[in-house]
Structure formats: C-alpha cells, structure tokens
2 protein chains.
Amino acid sequence: MDNRLAKLSNWLKDEKVEFVFINSVTNIYYYTGFTCKPYERLVGLLVFSEADPIMVCPKLEEEQVIQTGWSYRIISYQDNEDPWEMIQESIARQRLIPTIYAIEETVLSYERSQKLQGLFPSASIVPADEVMNMNRLIKSDQEIKAMIESAKIAEYGMEVGIQALREGITEIELVAHIEYEQKKKGVRHMAAPPMALFGKNSGHPHGKPGVRKLEKGDLVMFDLGVILDGYCSDITRTFIFDSVSDQKREIYETVLEANHQAIESCKPGMTIGEIDRISRKVITEAGYGDYYPHRVGHGIGLEGHEYPSLHQDNGNVLREGMTFTVEPGIYIPEIGGVRIEDEVLVTKDGYKLLTQYPKELQVIEGNSSGIPEGV
Amino acid sequence: MDNRLAKLSNWLKDEKVEFVFINSVTNIYYYTGFTCKPYERLVGLLVFSEADPIMVCPKLEEEQVIQTGWSYRIISYQDNEDPWEMIQESIARQRLIPTIYAIEETVLSYERSQKLQGLFPSASIVPADEVMNMNRLIKSDQEIKAMIESAKIAEYGMEVGIQALREGITEIELVAHIEYEQKKKGVRHMAAPPMALFGKNSGHPHGKPGVRKLEKGDLVMFDLGVILDGYCSDITRTFIFDSVSDQKREIYETVLEANHQAIESCKPGMTIGEIDRISRKVITEAGYGDYYPHRVGHGIGLEGHEYPSLHQDNGNVLREGMTFTVEPGIYIPEIGGVRIEDEVLVTKDGYKLLTQYPKELQVIEGNSSGIPEGV
C-alpha cells in the first residue's frame with residue numbers, strides 16, 4: 001500500500017477504529033492521486049485498519065480512477081443506483097460489524113453522516129480531520145518543490161499585471177489578462193479567482209474586481225494564486241499608481257514592517273498566535289489597529305486555505321516543514337487598503353520564503369501600451 | 001421583508017419550525033443578494049418564523065453585507081472569536097428556546113450540525129433542503145433573462161473555440177483562450193472550468209483538458225458554462241476536425257437523435273425519469289447503451305448542477321418554469337465521445353431552449369491562423 005495510505009491505516013489500528021470514510025476531494029487526492037469531479041454525486045474513499053482500501057465513485061469516473069494507478073477495489077455506481085447500499089454490502093462481505101468508524105467532521109454533510117449512521121447504527125463516530133490535517137501539515141521536499149513552482153506562476157501574474165497598468169483599465173480586464181497569461185503557462189486552475197482592486201475598492205479585504213477604472217494616485221492591490229500539480233500559491237502585493245500621498249506611504253510602510261517582523265519571528269517552537277500578535281502590535285502602535293480585521297495568515301498546500309489558522313489565540317507551535325501565509329493588512333474604506341502577503345516555510349532553525357517578489361514600495365508609472373495589441 | 005425571505009419565514013410558521021440556519025453560499029445569495037467568500041470561516045443566515053432575520057459573518061465581510069442593502073441585524077466576529085456563542089446569546093436574548101429548527105442537511109457539515117445541537121440540545125432538527133430547492137426550482141422571468149444572457153456567453157465561447165481550431169493546438173491552450181475571451185465580455189466566474197477534449201480524450205465524460213494536440217479526424221468536444229449575474233450556463237457541442245469516419249458520424253447522429261427526442265418530450269406533467277428513458281432508448285437501440293454511463297441531465301440556475309437530477313428513476317413531474325440540461329452522450333474509450341447538451345425551460349405547454357447553438361454535425365476545417373497573433 002502507498003505510504004500515505006499505510007500511515008492512515010496504522011493510525012486506525014492504533015486508535016482501534018475499523019475504517020475511515022473520506023469524502024473531501026482534497027483528501028482523496030492526497031491519499032490516492034485521484035482528482036475527482038463529484039459535483040453532487042458521491043465520491044468516497046474507505047480506508048480500513050485490517051483490509052485493503054476501497055474507492056467509491058460514479059461509473060463515469062471509474063476509468064479515471066484506474067488511470068491514476070488505483071489497484072484496489074472500486075465500487076462504481078450509475079446515477080440511478082444507491083452507492084450507500086453498495087458500501088453496506090461490501091463491508092458486510094468482509095464480515096465486519098463496525099464498532100467505531102471515523103469521518104471528516106468538518107467536511108462530511110449532515111445528510112451523509114446520517115446515511116452512515118443508518119448503515120451502522122450501533123457504531124460510534126470519531127473525527128479523522130485532525131489526523132489528516134497533521135498528515136498534510138508537514139510538507140515533503142517534493143511538495144515544497146511543487147509549491148515553489150506554483151508561487152513562481154503567481155509571481156509571474158504579478159509581473160503581467162504591473163506591465164498592463166494604465167489609466168482607465170478596469171479591474172476585471174486586468175484580472176482576465178493575468179489569468180490568461182498564467183494559463184498559457186500550463187496552469188489549469190486558480191487557487192482563488194485573481195484579485196486586482198483599485199483605490200477605495202482595495203479597502204475591502206475580500207473585495208471583488210469590477211468595472212472600477214484605474215486612476216492616478218490609486219492603491220493597486222493584487223492577490224494572486226494558482227494551483228500547479230495540485231499545490232496552491234497565494235501572494236499579495238500592493239502598489240501605488242503614478243503618485244503617492246504621505247498617508248498612503250505611511251500605511252504601506254506600517255504593513256511592510258508588520259510583514260517583516262512577523263516573518264522574522266518564524267522558527268520551530270514559536271507559538272502560532274505570537275506571529276499574529278507581533279504583526280498586530282506593529283499596526284496597533286501605528287494607530288491602525290481597528291483597520292486590521294483579520295488573522296495574520298493561514299496554512300497552504302493542497303488547499304489555498306488549510307490547517308492551521310494563524311490567529312492570535314492559537315497556542316500550537318511551529319514545526320519544521322509547515323507552510324503558511326503571513327499577510328497583515330490595513331483597510332480604510334475611504335482611502336483603500338494595503339496587504340503584503342508571503343508564503344513561509346518553517347526550516348530547521350528559522351524560515352524560508354516561498355514567495356520572492358520584492359516588497360519595497362513601488363510607484364508604478366502608467367504604461368501607455370498596457371495590454372499588448374490584439375489581445 | 002424581501003419576498004423570498006418572507007416566503008421562507010411563512011414556511012417556518014406553517015411547519016411550526018422556529019428558525020432555519022442557512023449555510024450554503026448559494027442559498028445565502030438567493031435570499032439576501034450577498035455573495036460571500038467564506039473559505040473555512042462561518043457565514044450563516046438565520047431566518048425566524050416570528051422575528052427578523054440575522055446574518056452571521058466574519059468581521060471582514062461585514063461592510064459588503066451592508067453594501068448589498070441588508071437592513072437587519074449582523075453578527076460579525078473576529079478570527080479569534082466564536083460565532084456560535086454569539087448566535088446562542090442572540091437567540092437567548094429573543095427569549096427563544098427552540099424546539100424545532102431546520103438546516104440544509106445536504107450542505108451543513110457534521111461538525112456544524114453538532115455545534116448547533118450543542119447550543120440547542122433539546123430541539124429537534126428538520127431538513128430545509130427541499131423547501132429551498134422548491135423555492136429555487138421555478139424561475140422568474142428575470143431569472144430566465146439572466147440565464148439566457150449567461151448561455152449567450154457560453155455560446156460565444158463555442159464560436160471562439162471553433163475559430164481557434166488548428167492542427168497541433170493543445171486542449172489547454174484552447175480552453176485558456178476561450179476563458180479569456182469570455183472574461184473580456186465581463187464574466188467573472190466560470191460555472192465549471194471550460195472543457196475542450198480531442199480525440200480519445202473525449203471518450204471520458206469528465207475528462208480534463210491537457211497537452212493533447214489536435215489531429216485530423218479528431219472528435220472535438222466543448223463543454224462550456226459561465227456565471228453571469230449569479231446565473232449559470234452549460235452547453236456541450238461536439239465537432240469533427242477535418243474529416244469524419246462513418247462510425248463517428250453514426251455515433252454523432254445517434255446522440256443528436258437522443259437529444260432531439262428527449263427535448264421534444266418536455267412539457268408540464270411529463271415524468272422526469274421518462275426524459276432520461278427516451279434518450280436511453282435511442283442510444284440503446286443503436287447498440288451503444290453500454291457507452292452512455294450517466295443521467296440525461298440536471299437542474300441549472302444559481303448552481304451549475306442543482307435540483308432536480310434527471311435520472312431514469314425520478315418519478316417527479318415537470319412544471320412550468322423549471323430549467324435543466326438535456327445532455328445524452330456516447331463515450332468509446334478507443335475512439336472518443338460525443339455529447340450534445342442544451343438547456344431547456346419548461347413552458348406552459350411545452351419547452352423553450354435557452355441554448356441556441358446549431359446542432360447539425362459540423363466538420364471543421366483547420367484554421368491556419370488559429371488564435372490571433374500576439375495572444
């Protein structure tokens with residue numbers, strides 16, 4: 001059995017859990033290499049403590065499961081068949097009467113949890129979320145390599161975006177151009193829709209690109225990330241278009257200092273909450289504490305946002321091989337926002353940045369040519 | 001209160017359910033107009049039988065909730081705060097001790113359902129999925145208008161794709177080009193990643209575009225859909241590049257006949273399963289029954305795939321105002337696949353197609369220019 005599956009099966013043995021039902025697309029990919037498109041159809045992976053794993057998938061996905069090299073049993077079903085009955089039969093055939101099974105409590109729907117409880121009414125349920133988060137938490141060298149390549153494409157998008165800045169371009173034109181250029185590099189999916197926000201629009205941390213036209217003096221915030229070979233990237237940089245006011249410069253320098261100090265603190269043993277608090281202290285002391293309405297960052301890997309959450313009360317500690325974002329920001333609705341986000345890898349005695357794009361304040365002069373002709 | 005919310009509140013009164021907790025991004029949008037980006041953070045809408053609704057959202061989304069015109073209470077929380085405690089307090093302040101509440105059983109995670117059960121341990125749970133599906137099932141004239149506009153952009157992508165066909169172009173180049181051209185029209189999100197599959201790759205109903213190069217004689221399958229003003233489109237057409245074999249022509253004509261007969265049958269009162277069976281009969285009689293591994297279609301609206309599922313055993317009937325896809329297909333791994341998909345609206349005495357793209361077999365001659373220079 002593959003290493004990752006074997007590790008999970010061993011956890012089941014240790015915990016005396018007979019099987020785990022895995023339903024999240026990402027975890028199925030992590031343990032099997034199979035990228036499924038379930039839509040509303042059921043795709044599931046059953047991993048047992050004492051037997052070979054079983055994949056459950058719609059008939060129309062079966063061929064693709066086989067193509068990923070899956071050599072164990074597949075339960076495949078037509079759209080008018082009930083996969084739950086097939087799961088029940090299959091487990092009964094193993095002469096297994098489960099007493100404890102595990103699910104992804106944060107992912108599995110209430111309805112599906114009820115289906116399982118209907119199949120095994122006398123069994124109790126334990127969460128498998130944490131063990132799978134912990135399996136995925138520490139990245140291998142190969143995973144780090146994939147994440148660096150993914151970050152490079154995100155940064156390439158930043159270059160493309162800056163080159164295309166000109167007075168009057170809209171946010172939505174800009175993000176379409178960035179995404180297209182990234183996809184021409186072989187990217188198939190964005191980790192999140194590319195974000196380019198101008199002026200006041202950047203004053204909303206989760207703003208949406210629209211038809212706002214770029215004006216002189218605007219803050220320009222790019223938040224970009226792609227998925228490459230399964231691994232996500234996520235980088236934010238903020239620029240000023242044409243000319244910068246003293247206040248915008250002050251906000252920028254404050255966020256940059258918060259980004260620097262928080263990242264500099266990263267090393268094994270450091271408390272996660274402390275990273276947030278360091279960034280928050282810089283911003284609060286500069287008088288902008290009320291304008292920093294989010295945590296300093298989040299884990300990243302197969303998902304753009306994954307375990308852990310880097311909020312100020314998180315008492316867990318950093319470990320070598322963890323990867324996460326550090327992204328303090330200040331958002332003032334009437335002026336705009338600045339966020340500077342990097343991806344950090346915890347190393348043996350400190351950290352390494354997976355994102356390399358320069359962070360010093362850049363005032364971008366309008367490029368009269370903008371997006372190349374004919375595009 | 002807005003009509004849609006009032007209708008839901010009335011359902012609660014009728015069913016003697018004190019409140020519903022809505023967690024799905026789509027349903028929150030349907031009832032409030034708020035498009036949230038929750039990631040792993042909790043966004044929820046509480047609708048009561050006897051009180052005003054409450055929105056629960058992260059602090060960093062609050063401003064955007066207000067911008068959508070939300071005039072009721074908002075419970076907003078920081079990343080280190082517990083929104084569940086705030087929900088509990090807020091309900092206690094109403095002097096409400098719930099005895100029955102509703103959730104989206106197919107959407108809400110097991111963990112979140114447990115959180116609610118922890119807050120209200122003596123209350124029982126009922127599903128709200130069906131009532132919300134039924135609320136969304138019958139589309140208003142305004143919704144139909146939005147769906148037609150969305151379908152037009154999907155069809156524009158088809159035009160763009162055909163224009164770009166030339167020997168040697170890869171699937172992934174082609175879909176990047178299509179998506180870019182659609183986004184230049186103001187589309188922000190795809191309903192699903194655009195699909196272009198060549199030759200044998202089209203033999204997998206859920207295949208993924210890759211680096212396969214277009215060759216003479218290839219089947220070329222496009223499955224395209226965008227989201228415009230919240231509404232999804234979904235259309236599939238299959239073409240032949242350069243020259244067509246007799247077998248491919250036979251497959252094509254069989255699928256086209258199945259598409260025609262299934263669509264022609266649509267009218268109020270018709271059993272949903274019958275639509276599938278009509279399409280399946282055509283394909284089975286032509287000897288390809290084993291190569292049609294999926295249902296004939298699915299509902300479409302705010303979601304690309306939504307209620308109902310058009311599988312052969314669905315005994316529900318069509319009603320005026322329902323919108324769904326009809327998309328029979330034949331997939332032969334060694335040859336390729338043909339799928340022809342339209343969006344159908346049930347009218348007072350029949351149906352109307354929301355997709356208009358021609359369906360007769362088209363043999364596309366290689367366009368030597370392909371994607372315009374400089375792109």
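Every chain is numbered from 1, with letters handed out A, B, ... down the list of sequences.
Cation-pi geometry between B:Arg339 and B:Tyr331 is not satisfied (NZ or CZ under 6.0 Å from the ring centre, within 45° of the ring normal). Geometrically, A:Lys185 engages A:Tyr156 in a cation-pi contact, judged by NZ or CZ lying under 6.0 Å from the ring centre and within 45° of the ring axis. Remark: B:Arg136 fails to qualify as a cation-pi partner of B:Tyr307 under the 6.0 Å distance and 45° angle criteria applied to the six-membered ring.
Contacts between B:Leu60 and chain A at a heavy-atom distance below 4.5 Å involve backbone atoms as well as side-chain atoms. With a threshold of 4.5 angstrom between heavy atoms, B:Ser309 does not approach chain A through any atom at all. At a 4.5 Å heavy-atom cutoff, B:Glu81 makes no contact with chain A through either its backbone or its side chain. Using a 4.5 Å cut-off between heavy atoms, A:Glu171 makes no contact with chain B at all. With a 4.5 angstrom heavy-atom cutoff, B:Pro333 does not touch chain A via any of its atoms. Within the 4.5 angstrom heavy-atom criterion, atoms from both the backbone and the side chain of A:Thr35 approach chain B. A:Gln117 touches chain B through its side chain: at least one heavy atom from C-beta onward sits under 4.5 Å away, while N, CA, C and O do not. Looking at B:Val211, there are no atoms closer than 4.5 Å to chain A (heavy atoms on both sides), in backbone or side chain. With a 4.5 angstrom heavy-atom cutoff, A:Pro127 does not touch chain B via any of its atoms.
Here the straight-line distance linking atom CD of A:Glu104 with atom CG of A:Asn133 works out to 9.5 Å at 0.5 Å rounding. The distance from the CD1 atom of A:Ile74 to the NZ atom of A:Lys59 is 9.5 Å, given to the nearest 0.5 Å.
Per-residue heavy-atom pair counts under 4.5 Å with chain A were compared for B:Gly273, B:Ser113, B:Pro209, and the maximum is reached by B:Pro209. Counting heavy-atom pairs under 4.5 Å between each of A:Asp276, A:Val175, A:Thr170, A:Ile103 and chain B puts A:Ile103 at the top. The greatest number of non-hydrogen atom pairs below 4.5 Å with chain A, out of B:Glu303, B:Glu105, B:Lys208, B:Lys183, is found for B:Glu105. Of the listed residues A:Glu179, A:Glu63, A:Gln78, the one with more heavy-atom pairs under 4.5 angstrom with chain B than any other is A:Glu179.
The shortest distance between side-chain heavy atoms of A:Thr26 and A:Val107 does not fall below 4.5 Å.
Annotation: A:Phe324 is not in aromatic contact with A:His305 [ring centroid separation under 6.0 Å not met].
Other residues, nucleotides and ligands place no more than 12 heavy atoms under 6.0 Å from the OH atom of A:Tyr291.
Shown here are the ring-ring contact (aromatic ring centres under 6.0 Å, His included) partners of A:Tyr101, two or more places apart in sequence or in another chain: A:Phe19, A:Phe120.
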